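Accompanying notes for the structure given below.
If you're wondering where the values come from, they're calculated on a predicted model, not measured in any experiment.
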Amino acid sequence: MTGAALSNPQESSRPRLLEQVRQATRARQFSPRTEEAYTGWVRRYVRHHGMRHPRELDGLAVASFLSHLANEGKVSAATQRQAASALLFLYREVLGLPIDVPDGVLRPKRPRRLPVVLSRGEVAAVLGQLRGTNRLIAALLYGSGLRLLEGLQLRVKDIRVERRELEVRAGKGGHCRMAPLPAALVPELARHLARRRAQHEQDLRHGGGWVEMPAALARKMPNAGQELAWQWVFPAARQHTDTASGQRRRQHLHESALQRAMVQAVRCAGIPKRASCHTLRHSFATHLLEASYDIRTVQELLG
């Protein structure tokens, strides 16, 4: 990002604005997605006000931007709240400036909607339309109650086939938990892990086989990134070269691939519901409650 907002003479000795936002989110151990969202909203806010630096703006400017999102952008209340959180973070945590914005603009009420839930028959019909890895991931989302990214970010060491459980690390809010591994998925998952091992060994022979590691572990165990245990269970088809380290890596599958497959599967199954990958998680919880599981147990399984 360029322009007056990032070249203020008073800011010359400091990192540029977006870099300050990134540093602040990382210092507070926000997720990469939150960092990306917050920097994106700050960029849009500055551009909306003609590239003026946020120090030159006030609460009325924030209210104007949020109202623009709602009236011209037609964004949802949840999106408007996220933008408000990003701008409050910018002023209070990054710039250290007090800001006064009408609460109704900052925190618009979100309409309460019942989640979409599929019946057991509908879940079976959707899974029947999926193939290969997409089907296995979708079955895990339903059978283990995982969020989409929780499933895609599973590492080999997180799968405990013998104990029929999964370790979900750094879930929503940074929390970890154990999730059940359905017995019906064990044979298919075991075959998938065997193929994953063969793929990783081939990557190693060709000078690759690296995977992104948590920052602290990357320093403490510099060679762990080539170990099978740390590899993504569901890797991308292509490798890429990390610009910072020069390592040949595989990222995990991108969520959009399964999201598109899920939408197509629901359509082909003839189900007149707006179901998504997250619907499988809602269905998991609903079906457990229908089977008379204790609600506290269901909450713990969902994390």
Side-chain angles (χ1 to χ4, degrees), residues 33 75-79 82 110-154 158-161 164-173 175-193 232-234 252-303:
R33 289 202 150 204
V75 302
S76 67
T79 300
Q82 184 191 63
R110 290 180 292 184
R112 301 190 64 169
R113 298 187 179 94
L114 292 175
V116 177
V117 175
L118 299 175
S119 68
R120 289 176 173 81
E122 289 172 335
V123 170
V126 170
L127 294 179
Q129 294 294 329
L130 295 168
R131 297 291 181 271
T133 302
N134 284 338
R135 183 193 179 283
L136 178 57
I137 299 173
L140 273 177
L141 299 186
Y142 171 68
S144 302
L146 304 180
R147 299 178 179 89
L148 176 55
L149 273 179
E150 290 175 346
L152 296 179
Q153 292 179 346
L154 285 171
D158 298 331
I159 309 293
R160 303 179 182 179
V161 176
R164 286 175 47 194
E165 61 185 18
L166 310 172
E167 184 169 1
V168 180
R169 294 178 176 271
K172 190 171 183 178
H175 301 296
C176 300
R177 72 180 190 278
M178 302 306 298
L181 173 59
L185 293 181
V186 168
E188 185 178 357
L189 186 57
R191 291 191 295 271
H192 176 83
L193 291 175
W232 304 116
V233 174
F234 303 110
H252 59 72
L253 278 176
H254 196 274
E255 56 267 32
S256 62
L258 187 61
Q259 288 167 340
R260 289 193 298 267
M262 181 70 181
V263 170
Q264 182 66 21
V266 172
R267 184 182 299 116
C268 291
I271 298 173
K273 294 180 180 179
R274 193 178 178 182
S276 65
C277 294
H278 203 65
T279 302
L280 296 173
R281 175 175 159 88
H282 287 309
S283 302
F284 164 84
T286 300
H287 297 165
L288 287 182
L289 292 174
E290 290 175 349
S292 300
Y293 277 77
D294 177 76
I295 190 170
R296 181 58 183 165
T297 300
V298 176
Q299 289 175 332
E300 290 178 356
L301 291 175
L302 291 173

Tell me the ring pair (Phe, Tyr, Trp, His ring centres under 6.0 Å) pairs involving residues 112-140, sequence neighbours left out? none

Return each pair, listed once, that meets salt bridge (charged side-chain N to carboxylate O under 4.0 Å, His left out) where at least one residue sits in residues 269-282; pairs must be two or more places apart or across chains. Glu122-Lys273

So the salt bridge (charged side-chain N to carboxylate O under 4.0 Å, His left out) pairs with at least one residue in residues 125-146 (sequence neighbours excluded) are Arg135-Glu188

Donor-acceptor under 3.5 Å (Thr286 side chain, Ser283 main chain): no

From Leu185 CG over to Leu166 CG, what is the distance, rounded to the nearest 0.5 angstrom? 9.0 Å

Drop me the distance from Glu150's CD to Leu140's CG, to the nearest 0.5 angstrom. 12.0 Å

Quick check for you: to the nearest 0.5 Å, what is the distance between Leu258 atom CG and Leu280 atom CG? 8.0 Å

Is there any ring pair (Phe, Tyr, Trp, His ring centres under 6.0 Å) pair reaching into residues 284-303, and which pairs are they, with sequence neighbours excluded? Tyr142-His287

Do you know which two heavy atoms are closest between Pro180 and Pro182, and how far apart they sit? O-CD, 3.6 Å

side-chain contact (heavy atoms from CB on, under 4.5 Å) partners for Gln264, two or more places apart: Arg267, Cys268

Between the CG atom in Leu149 and the CG atom in Leu253, the distance rounded to the nearest 0.5 Å is 11.5 Å

Can you run down the salt bridge (charged side-chain N to carboxylate O under 4.0 Å, His left out) pairs that involve residues 287-303, sequence neighbours left out, and say none if there aren't any? Arg120-Glu290, Arg296-Glu300

State the CD-CG distance between Gln153 and Leu146, to the nearest 0.5 angstrom. 11.5 Å

Test of understanding: with side chain to side chain donor-acceptor pair (under 3.5 Å), list the residues that count as partners of Gln82, not counting sequence neighbours. Trp41

Kindly indicate, with the supporting measurements, whether the criterion side-chain contact (heavy atoms from CB on, under 4.5 Å) is fulfilled by Asp158 and Val233. CA-CA 9 Å; Asp158 298 331; Val233 174; over 6 Å; no

Could I get the full list of side chain to side chain donor-acceptor pair (under 3.5 Å) partners for Asn134, not counting sequence neighbours? none

Could you pull out all residues at least two apart from Ser256 that satisfy side-chain contact (heavy atoms from CB on, under 4.5 Å)? His254, Gln259, Arg260

For Trp232 and His252, the nearest pair of non-hydrogen atoms, with its separation, is CD1-N, 3.3 Å

Roughly how far, to the nearest 0.5 Å, is CZ of Arg147 from CG of Leu141? 11.5 Å

If you take all heavy atoms of Ala179 and Ser144, which pair is closest and at what distance? CB-O, 3.8 Å

Provide the full list of ring pair (Phe, Tyr, Trp, His ring centres under 6.0 Å) pairs with a residue in residues 256-281, sequence neighbours left out, each pair given once. His278-His282

Nearest non-hydrogen partners of Leu130 and Met262, listed with the distance: CD2-N, 4.5 Å

Go through the structure and list residues passing side chain to side chain donor-acceptor pair (under 3.5 Å) with Thr79, not counting sequence neighbours. Ser76

